[in-house]
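Note sheet for the following structure.
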Amino acid sequence: MQGGSSGIGYGLKYQARCISDVKADTDHTSFLTGTLSLKEENEVHLLRLSSGGTELICEGLFSHPNEIWDLSSCPFDQRIFSTVFSTGESYGAAIWQIPELYGQLNSPQLERIAALDAHVGKINCVLWWSSGRHDKLVSIDEENIFLWSLDCSNKNAQVQSKQSSGMLHYLSGGAWDPHDVNAVAATCESSVQFWDLRSMGKTNSIEHAHVRNVDYDTKKKHLLVTAADESGIHLWDLRMLKAPIQELPGHTHWTWAVCCNPEYDGFILSAGTDSTVNLWLVSTSNHDELPSESLVESPNQRANSLLNSYSDYEDSVYGLAWSSREPWIFASLSYDGRVVVESVKPFLSRK
Amino acid sequence: MAAEIKNLDTDLQMLVYENYNKFISATDAIKRMNSNIMGMESNMEQLLEKIKTVQSRSDGVNTSLFEKREHIEKLHLTRNLLRKVQFIYDLPARLGKCIKSEAYADAVRFYTGAMPIFKAYGDSSFQDCKRASEEAIAIIIKNLQGKLFSDSESIQARAEAAMLLKQLDFPVDSLKEKLFEKLEQSLGDLQLKDEDISRCLLMSNDPSKLENHPESVAATVHEASVQEFVEAVRAYRVIFPDSDKQLIKLAQELVTKNFETGEQYGKKRIRAADLLAVLRMIWKEVLLMDEVLHESVLSEFSLEAVQITVKHHVASRFSHLLHDISDALAKVYVGQKEGMEEFPLQVALGASKKAVLQGSMDILLDFRQLLDDDLELLVKLRESILNWVQEGFQDFFRELHGRFLLLSGRNNSSGQVHGVVEGTQGDRILASLVLVLAQLSVFIEQTAIQRITEEIAASFAGGGIRLYENGPAFVPGEICRSFRSAGEKLLHHYINLRNQRISVLLRKRFTTPNWVKHKEPREVHMFVDLLLQELEAIKKEVKQVLPQGLLRRHQRNDSNGSTNSSRSNPLREGKLSRTNTQKARSQLLETHLAKLFKQKVEIFTKVECTQESVITTIVKFSLKSLQEFVRHQTFNRSGFQQIQLDIQYLRTPLKEAAEDEAAIDFLLDEVSVAAAERCLDPIPLEQPILDKLIQAKLTKSLSQSAVSS
């Protein structure tokens with residue numbers, strides 16, 4: 001695996017930050033990715049893994065008006081996705097629909113279903129609830145959390161509720177709890193905040209600085225993974241937020257993104273600015289008894305938890321996504337616009 | 001046939017003739033017998049008659065004497081009774097006499113003889129008598145008791161007294177208990193006390209003073225009292241022969257208590273010699289007691305106790321050592337807080353190094369003393385001591401390793417470290433501590449373990465082999481490994497901590513202004529100063545603690561010339577401006593191409609434990625962070641120019657600080673490129689303006705440093 005010879009590559013024209021698994025596409029393993037170029041015309045690429053799993057095919061190429069800072073595919077309709085974009089001076093977020101007959105059109109245009117236009121400041125992300133059809137959306141900008149109610153057929157999105165994060169709490173991202181339709185975790189400078197969408201209030205928080213990315217485990221309830229710049233990856237049990245149940249060293253430089261595998265328990269991917277993607281295997285089954293074990297973990301244990309390090313990247317890796325259809329496959333995206341799809345099949349037996 | 005018959009007839013005739021005589025004599029004998037028996041019958045009748053007369057005569061005598069005999073018998077009985085009564089009446093007087101002559105044994109014999117009578121008639125006829133004799137006996141008992149308790153009496157006499165008392169149905173057990181209590185009390189006095197120990201130590205430390213030092217006499221008091229106790233035990237044993245068990249228990253108790261004292265003492269910070277002295281003292285006691293009580297297996301018992309004591313001693317020495325090292329490390333805090341010393345970290349590192357090495361050596365020396373001693377007890381324990389020492393070192397280093405990790409505070413919840421000092425100051429000190437720990441780990445791995453292994457091999461070998469089955473005793477390889485990994489981990493942790501601080505600084509710098517509406521750059525931004533300050537502080541710390549990497553030293557000096565860098569500046573700027581004026585698309589392509597053709601610069605190389613390597617790594621990391629922050633923003637022209645200016649200013653000092661110039665150049669260019677990419681209108685500052693601003697900043701910082709110094 002070392003050296004990335006098995007990885008399937010695909011080059012985007014421009015730099016890019018975000019890639020998303022198209023979960024609603026049950027027939028193919030597909031990913032959506034969008035470019036980040038300040039001055040050029042940006043594109044959204046719909047990539048599909050060939051049936052043999054040896055090639056990435058560009059299934060659709062759509063122009064997008066602005067550089068894309070965040071992109072996520074709708075979990076129940078493969079043609080719908082959301083982006084956060086920036087004109088350089090201001091930010092916007094929108095829900096898009098891929099035109100129905102895009103295969104036959106030369107330069108198909110994305111259809112904008114709705115604009116999430118209530119934001120003022122810098123928008124961080126738009127979240128879908130990943131565990132089923134849900135007509136709500138959450139969008140997070142630096143100072144507020146919005147709950148939208150989306151009506152795809154009527155092409156309409158309405159702000160249902162909105163709450164400010166409070167003074168001096170600049171939000172930077174978030175994740176929607178797949179086990180609880182009302183719970184959202186939002187990262188800010190000094191902590192991870194937990195929001196209840198019914199009351200739009202903070203329920204709890206983890207005091208942990210500089211969390212860059214956060215992901216819920218879709219299989220295990222109460223398990224949250226965070227990635228912080230320098231201090232690596234932490235696993236938290238949502239019932240005891242005082243201290244992490246496990247620590248992983250993360251990356252040589254910053255750890256930018258983490259992803260829990262949607263199917264295989266304990267497989268965690270992380271991407272970092274040291275141009276690597278690391279695959280970790282953590283045992284979370286017995287964490288209830290050993291909350292303080294991470295303190296004096298033996299070096300062996302640490303070494304063992306890192307299954308592989310994919311280092312065939314030229315630049316920082318910001319985008320990372322597991323495929324939900326073939327959960328041993330993941331896509332990664334480095335800043336220079338290279339998409340690499342890898343399979344972790346050789347490591348599944350380690351479990 | 002006829003002849004034959006004739007023959008037979010003659011034979012027959014011959015036979016008859018021959019036996020004829022015999023038949024005649026037999027007939028004669030029978031005739032005589034008959035006449036004799038006839039006479040006997042008459043004789044018998046005469047005899048019967050005579051016997052009958054004898055019988056009647058004797059009956060007559062018997063009846064005539066019967067009365068008298070009966071009378072005599074009665075008289076005899078009465079006389080006996082009277083004599084007994086007399087004895088009983090005399091008993092009090094006799095007892096009194098006995099008391100006077102101290103013939104207690106007789107007295108007891110008399111009294112016990114009279115006992116059944118007193119029991120039967122004591123309430124009626126012999127009331128007075130009984131009372132009197134009881135009084136006398138009471139006196140006897142009292143005397144006997146006195147005798148029993150008096151130490152001046154001979155042991156035989158006392159034993160006899162005890163026997164007599166027992167015969168008198170006196171509750172001897174209570175006496176026994178009393179006596180036992182007395183023994184126990186003396187036991188209390190016998191127990192080793194700290195003063196005893198210190199006195200004893202005084203003696204052992206300075207034997208020359210023994211003769212003329214008054215206190216040394218007092219030290220022997222203890223010994224004397226032990227002697228006394230032994231005597232008492234001996235007596236007691238004779239007196240109460242069935243009391244062995246109790247005595248053994250008592251003796252064991254004494255020994256246990258003494259060993260406990262010794263153990264307590266062993267837990268204190270003492271040298272092995274002192275412990276030896278104490279043990280020797282106790283052992284002497286044990287031997288004394290063993291003479292008296294063989295069955296008590298005191299020596300085995302005390303062997304166990306010594307085993308425990310020595311084991312505890314070994315353990316405590318190690319824990320003290322651990323403590324010492326922690327103390328030495330704590331100097332990092334103290335030194336930094338007071339800010340008195342110039343190189344607090346160096347001092348702390350030196351102290352802790354010394355604590356580790358010297359402490360271990362001291363311990364080994366001490367233990368050797370234990371081994372070399374010829375005290376019987378310790379000789380038996382030799383093997384175990386060897387194992388304990390080896391195990392002790394193994395555990396010690398394992399624990400030290402744990403302590404290091406704990407101190408480094410990898411886990412935020414371990415508030416131990418954070419509790420001491422708070423805020424950013426705490427972070428800084430934590431970082432320094434981590435650095436010191438990292439270097440200390442390297443030192444332990446490379447130097448200390450080796451020395452200790454040698455020392456152990458020299459004088460503690462032999463014990464280990466046996467124990468390998470139960471688990472390894474002292475495995476230097478394992479410890480080296482764990483400390484090597486700890487050293488690396490701690491070094492990374494240090495770099496991480498430092499980078500966190502730099503990241504905070506950079507984050508503030510990049511999130512605060514609105515880069516899209518940035519004003520034209522007028523001077524180098526002050527965050528550069530902060531960054532350089534931070535690096536300076538790191539340099540200062542690292543220089544104190546880490547060794548210099550010798551490899552690239554000369555190279556650096558060569559390329560450090562100012563002409564070199566100034567010449568390279570316009571060239572690079574030209575390239576950059578060319579890049580920027582072209583369209584962004586081709587710019588991206590160009591950077592990609594440039595990357596392809598450039599020798600791939602390894603940014604994330606392995607960190608070595610040298611000053612240069614650590615500083616270079618930190619500089620690289622902070623530049624990488626800078627790049628990431630820049631990539632996250634969108635700049636207008638002025639914002640871009642500001643970044644350009646800052647980067648340009650940073651170039652020289654950073655290259656001076658770090659070792660890997662190529663990587664630093666590359667990263668600085670990367671930052672510039674990132675800024676250009678994220679700029680709406682990337683037109684760089686013109687070179688003269690750039691130079692002018694940098695020059696202004698340089699003179700300003702120069703004058704500032706002049707003022708401050």
Side-chain angles (χ1 to χ4, degrees), chain A residues 11 13-15 17 36-40 67 69 86-91 122 142 170 172 189 207-210 212 228-232 234 242-244 247 249-254 256 272-276 291-300 302-303 311 314-316 318 335-337, chain B residues 401-403 405-406 409-414 481-482 484-486 488-489 492-493 495-504 507 511 514 516-517 583-585 587-588 591-592 595-596 600 603-607 617 620-621 624-625 627-628 631-632 634-636 670 674 677-682:
Chain A
K13 233 177 185 176
Y14 309 114
Q15 289 168 333
R17 277 182 181 271
L36 180 87
S37 171
L38 201 53
K39 282 152 278 188
E40 302 300 312
E67 56 168 8
W69 283 86
S86 157
T87 60
E89 299 188 25
S90 65
Y91 279 82
K122 180 180 174 180
E142 275 193 320
Y170 290 106
S172 59
E189 259 181 23
E207 296 302 323
H208 192 73
H210 310 314
R212 178 70 62 183
D229 285 355
E230 273 98 353
S231 41
H234 293 86
K242 285 252 155 57
E247 278 181 58
H251 288 257
T252 321
H253 196 237
W254 296 353
W256 194 276
T273 50
D274 57 351
S275 315
T276 55
S292 61
E293 199 64 359
S294 56
L295 184 66
V296 272
E297 218 173 339
S298 82
N300 284 341
R302 265 169 204 281
S311 55
E314 297 290 329
D315 209 331
S316 308
Y318 300 127
Y335 192 56
D336 53 6
Chain B
H401 181 245
R403 181 73 65 99
L405 290 189
L406 190 77
R410 284 196 65 86
N411 196 335
N412 290 335
S413 59
S414 69
R481 239 187 340 267
S482 69
R484 189 180 311 133
S485 81
E488 278 168 19
K489 217 183 285 169
H492 276 127
H493 190 46
I495 291 170
N496 243 340
L497 282 172
R498 284 321 207 154
N499 272 321
Q500 266 169 23
R501 285 177 60 78
I502 290 172
S503 282
V504 169
R507 180 173 287 119
T511 49
N514 186 346
V516 186
K517 291 175 182 153
K583 291 185 90 180
R585 170 74 195 283
Q587 171 203 353
L588 187 66
T591 48
H592 281 195
K595 262 187 196 171
L596 275 179
K600 195 179 176 188
I603 309 169
F604 303 107
T605 47
K606 190 171 161 12
V607 188
T617 310
K620 279 183 192 169
F621 276 22
K624 182 72 187 165
S625 307
Q627 181 197 12
E628 294 298 336
R631 279 181 178 179
H632 233 218
T634 310
F635 303 94
N636 65 358
E670 282 279 285
E677 280 168 4
R678 295 301 311 157
C679 177
L680 294 162
D681 182 17

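Naming convention: chains lettered A, B, ... in sequence-line order (proteins, then strands); numbering from 1 in each chain.
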Considering only heavy atoms and a distance below 4.5 Å, find which of A:His210, A:Lys122, A:Glu189 pairs most often with chain B.
A:His210
For A:Asp315 and B:Arg631, run side chain to side chain contact (heavy atoms under 4.5 Å, CB included): C-alpha distance rounded to whole Å, both residues' side-chain angles, the deciding distance at 0.1 Å, then the answer.
CA-CA 12 Å; A:Asp315 209 331; B:Arg631 279 181 178 179; 2.7 Å; yes
Result for side-chain hydrogen bond (donor to acceptor under 3.5 Å, both in side chains) between B:Glu628 and one of A:Trp256, A:Tyr335, A:Tyr318 points to A:Tyr318
Working to the nearest 0.5 Å, report the span between OG1 of B:Thr634 and OH of A:Tyr91.
5.0 Å
Listed partners of A:His251 passing ring pair (Phe, Tyr, Trp, His ring centres under 6.0 Å), at least two apart:
none
Taking the side chain as every heavy atom from C-beta outward, state whether A:Thr273 and B:Gln627 have any atom pair closer than 4.5 Å.
no
Can you list everything that forms a salt bridge (Lys or Arg N to Asp or Glu O under 4.0 Å) with A:Glu142? Sequence neighbours excluded, please.
none
Which atoms of A:Asp274 approach chain B - backbone, side chain, both or neither, heavy atom under 4.5 Å
both
Chain B contact via A:Ser231 - which portion, at a heavy-atom distance below 4.5 Å
both
Any side-chain heavy atom of B:Lys624 within less than 4.5 Å of one from A:Ser316?
yes
Quick one: of B:Asn636, B:Val516, B:Thr617, who has the most non-hydrogen atom pairs under 4.5 Å with chain A?
B:Val516
Is there a side-chain contact between A:Glu89 and B:Leu680 in this structure, where contact means two heavy atoms from C-beta onward sitting under 4.5 Å apart?
yes
Backbone N or O of B:Cys679 within a donor-acceptor pair of the A:Lys39 side chain at under 3.5 Å?
yes
So A:Glu67 and B:Arg678, do their side chains get closer than 4.5 Å, heavy atoms only?
yes
How many angstroms lie between atom NE2 of B:His492 and atom OG1 of A:Thr252, to the nearest 0.5 angstrom?
7.5 Å
